[in-house]
2 protein chains.
Amino acid sequence: MAQSRSRKFDEIAGVGRALGHPHRVLLLELIVQGGRPVERLAQLASLSTANASQHLQQLKRAGLVESQRSGKQVIYRLKDETVLHLLHAFQNCLEQQRVEIDVDRKERVEIIFREELMRRIRNRSIILLDVRPEDEFAQGRLPGAVNIPIEQLAKRIRELPKHKEVIAYCRGSYCVLSLEAMKLLNATGRRSRQFVEGYSGWRTNGLPIEALV
Amino acid sequence: MAQSRSRKFDEIAGVGRALGHPHRVLLLELIVQGGRPVERLAQLASLSTANASQHLQQLKRAGLVESQRSGKQVIYRLKDETVLHLLHAFQNCLEQQRVEIDVDRKERVEIIFREELMRRIRNRSIILLDVRPEDEFAQGRLPGAVNIPIEQLAKRIRELPKHKEVIAYCRGSYCVLSLEAMKLLNATGRRSRQFVEGYSGWRTNGLPIEALV
DNA sequence: TCAACAGTCAATAATTCAATTGAATAATTG
DNA sequence: CAATTATTCAATTGAATTATTGACTGTTGA
């Protein structure tokens, strides 16, 4: 019994350790956006392929991701939904820690909550703007979202109607792309709010997504 | 911006790393049962005081616990409720991983779900049995629970009425004390079920507890 | 079949971490 | 104020992790 207890602690510690290196957290967050081959993940994380491969294998050993060969590539994807919840729990923990510091950020931009957003997606009474890179958008997105990656937004902002409210989102609450977008939108006189939880928060809540085209 | 993203990953990794050693996970689980001074925690975890102190400081640095001097002792307690959620997320993750292996355990004992348990606590139509050690019971327990630590249960089982259903619980889903209890209860012909989530699951859901006497 | 490509493996050197020891600090007691 | 108790700090040792390198395995397509 004592043995079985301590095995539990070892197992939890094993998962903790897997999340105990920033590169692995980053890789995991990238995988949340959609399964991808090692080389692409390495690129996105600015790691050598070998290094990324090894980190990915650690995530796999911890049971957080799984891999599957497809042609000459190996695709890594999330093992299951509980991993999303785990990541979310980490983020909540950290957010709690900086309630005061966050006042800046939280109070300066207007935000929209999930319930209202769901209603207004159905109504089509808003423009839903996804500012993540194209490939992440292609992997999956909120229903009806339009994609203008943040680097292109300044140039392409005229594509967005001036008198409809814009809701911007990006990867999730840890991601600041949509905050950048808010600045641009507000600067052009558009009414805009941020959906803080982003793509990963949407998925975490089991809500429907669109993928491919 | 890239900088701010990577700080997020560092922070998450910092928390992950704090949970990356079995002793720290154990200490944290002990603290969930109630705040305690260093020496007691060290004892319970079978660590030297100095070693426990250092692990506790790491948990503190990661923002998972806080400490407060009280006389000549220093009491460590959980920082906030989000830490409970985090621990819970870890456990869910691991449970998911061994759905097949768990079939044994899950299907052999009868369980009761939170909603029914809440109703029947109000009704007083069950005996709610807490089999954790006395000190943990004293720190906090489900409303109306009676405490018979597992080591004493065989001797004291006659204290429990024979014709009322007994619900046994212990620390949480990772803890097997209540499974031991079920065996004893069933062996004496008592009808019994297990409340799997236990004390920590109850707290995680923000439900009311009793403390002290 | 052979070259190329995508990923993994094995060996290494640098860094970081864990547990132990004994000394230092802080609050309490006589 | 000295002695005691509870905790922390600092220094050491041995063990574990990390990133890098280059060799190695499969898979595809010429």
Side-chain angles (χ1 to χ4, degrees), chain A residues 6 9-28 30-31 34-79 135, chain B residues 6 9-28 30-31 34-79 135:
Chain A
S6 86
F9 297 123
D10 289 345
E11 286 173 356
I12 292 183
V15 177
R17 174 158 286 181
L19 287 161
H21 193 290
H23 289 168
R24 286 194 291 271
V25 179
L26 170 52
L27 286 168
L28 195 56
L30 290 168
I31 292 172
R36 277 200 259 273
V38 178
E39 193 162 42
R40 184 91 187 91
L41 290 168
Q43 259 178 35
L44 292 168
S46 317
L47 299 175
S48 72
T49 308
N51 195 199
S53 170
Q54 281 165 190
H55 281 303
L56 288 166
Q57 282 169 63
Q58 286 193 56
L59 290 173
K60 188 176 171 184
R61 252 175 272 135
L64 299 173
V65 304
E66 59 190 7
S67 66
Q68 190 191 0
R69 182 138 217 151
S70 154
K72 41 182 159 180
Q73 314 192 102
V74 174
I75 311 291
Y76 278 81
R77 58 172 103 288
L78 277 197
K79 187 72 163 286
D135 60 329
Chain B
S6 86
F9 296 122
D10 289 345
E11 285 173 354
I12 292 183
V15 177
R17 175 156 284 180
L19 285 161
H21 193 289
H23 289 169
R24 285 193 291 269
V25 179
L26 170 52
L27 286 168
L28 195 56
L30 290 168
I31 292 172
R36 276 199 259 273
V38 179
E39 192 162 44
R40 184 92 188 89
L41 290 168
Q43 258 178 36
L44 292 168
S46 316
L47 298 175
S48 74
T49 308
N51 195 198
S53 170
Q54 280 164 190
H55 282 304
L56 289 166
Q57 282 171 63
Q58 286 193 54
L59 290 173
K60 188 177 169 184
R61 251 176 272 135
L64 299 173
V65 304
E66 60 190 8
S67 65
Q68 190 191 359
R69 182 135 219 154
S70 155
K72 44 182 159 182
Q73 315 191 101
V74 174
I75 311 291
Y76 278 82
R77 57 169 100 318
L78 277 197
K79 189 70 163 286
D135 60 329

Next item on the list: Measure from the side chain of B:Val38, starting at C-beta and using heavy atoms only, and say which of D:dT8, C:dT8, C:dA19 lies closest.
Entry: D:dT8
Notebook entry, point to check: Considering all heavy atoms of both residues, which atom of A:Ile75 and which atom of A:Ser70 are nearest to each other, and what is their separation?
Noted result: CG1-CB, 4.1 Å
Item checked: Side-chain N,O (B:Tyr76) to OP1/OP2 (D:dA6) below 4.0 Å -> no
Next item on the list: Nearest whole angstrom, please: distance from the P of C:dC9 to the CZ of A:Arg61.
Entry: 9 Å
Item checked: Rounded distance (Å) that lies between atom C1' of D:dT18 and atom NE2 of A:His21 -> 6 Å
Item checked: Option among B:Leu30, B:Leu26, B:Leu27 that satisfies the side chain to side chain contact (heavy atoms under 4.5 Å, CB included) test with B:Leu44 -> B:Leu30
Checklist line | Euclidean distance, atom CD1 of residue B:Ile75 to atom P of D:dT8 [Å, nearest integer] | finding: 11 Å
Checklist line | Rounded distance (Å) that lies between atom P of C:dA6 and atom CZ of A:Arg69 | finding: 11 Å
Next item on the list: Decide whether B:Arg40 and B:Gln43 meet the rule of one side-chain donor and one side-chain acceptor closer than 3.5 Å.
Entry: yes
Next item on the list: Grab the CD-P distance between A:Gln43 and C:dC5 for me, whole Å please.
Entry: 15 Å
Next item on the list: On DNA chain D, check which nucleotide each of B:Thr49 and A:Ser70 is closest to and give me the residue with the more 5' one.
Entry: B:Thr49
Note to self: Just the rounded figure in Å: distance from P of D:dT7 to CD of B:Gln73.
What the structure shows: 5 Å
Item checked: Among C:dA18, C:dT16, D:dA6, the one nearest B:Arg17 by side-chain distance -> C:dT16
Notebook entry, point to check: Within this structure, what is the CD-to-C1' distance between A:Glu39 and D:dT28, rounded to whole angstrom?
Noted result: 15 Å
Next item on the list: List the atom of B:Arg36, the atom of B:Leu41, and the distance in Å for their closest heavy-atom pair.
Entry: O-CD1, 3.6 Å
Check: For DNA chain C, what residues of residues 50-59 of chain B have any heavy atom nearer than 4.0 Å?
Finding: B:Ala50, B:Asn51, B:Gln54, B:His55, B:Gln58
Next item on the list: Would you kindly give the CG-to-P distance between B:Leu47 and C:dT20, to the nearest whole Å?
Entry: 9 Å
Check: Is A:Arg40 touching bases, backbone alone, or none of the nucleic acid, heavy atoms closer than 4.0 Å?
Finding: nothing
Notebook entry, point to check: Do side-chain atoms of B:Arg24 reach the backbone of B:Arg17 as a donor and acceptor pair under 3.5 angstrom?
Noted result: yes
Item checked: Ring geometry between B:His21 and B:His55 (parallel below 30°, tilted from 30 to 60°, perpendicular above 60°) -> tilted
Next item on the list: Locate the shortest heavy-atom distance separating A:Val65 from A:Leu56; write the atom from each residue and the value.
Entry: CG2-O, 4.1 Å
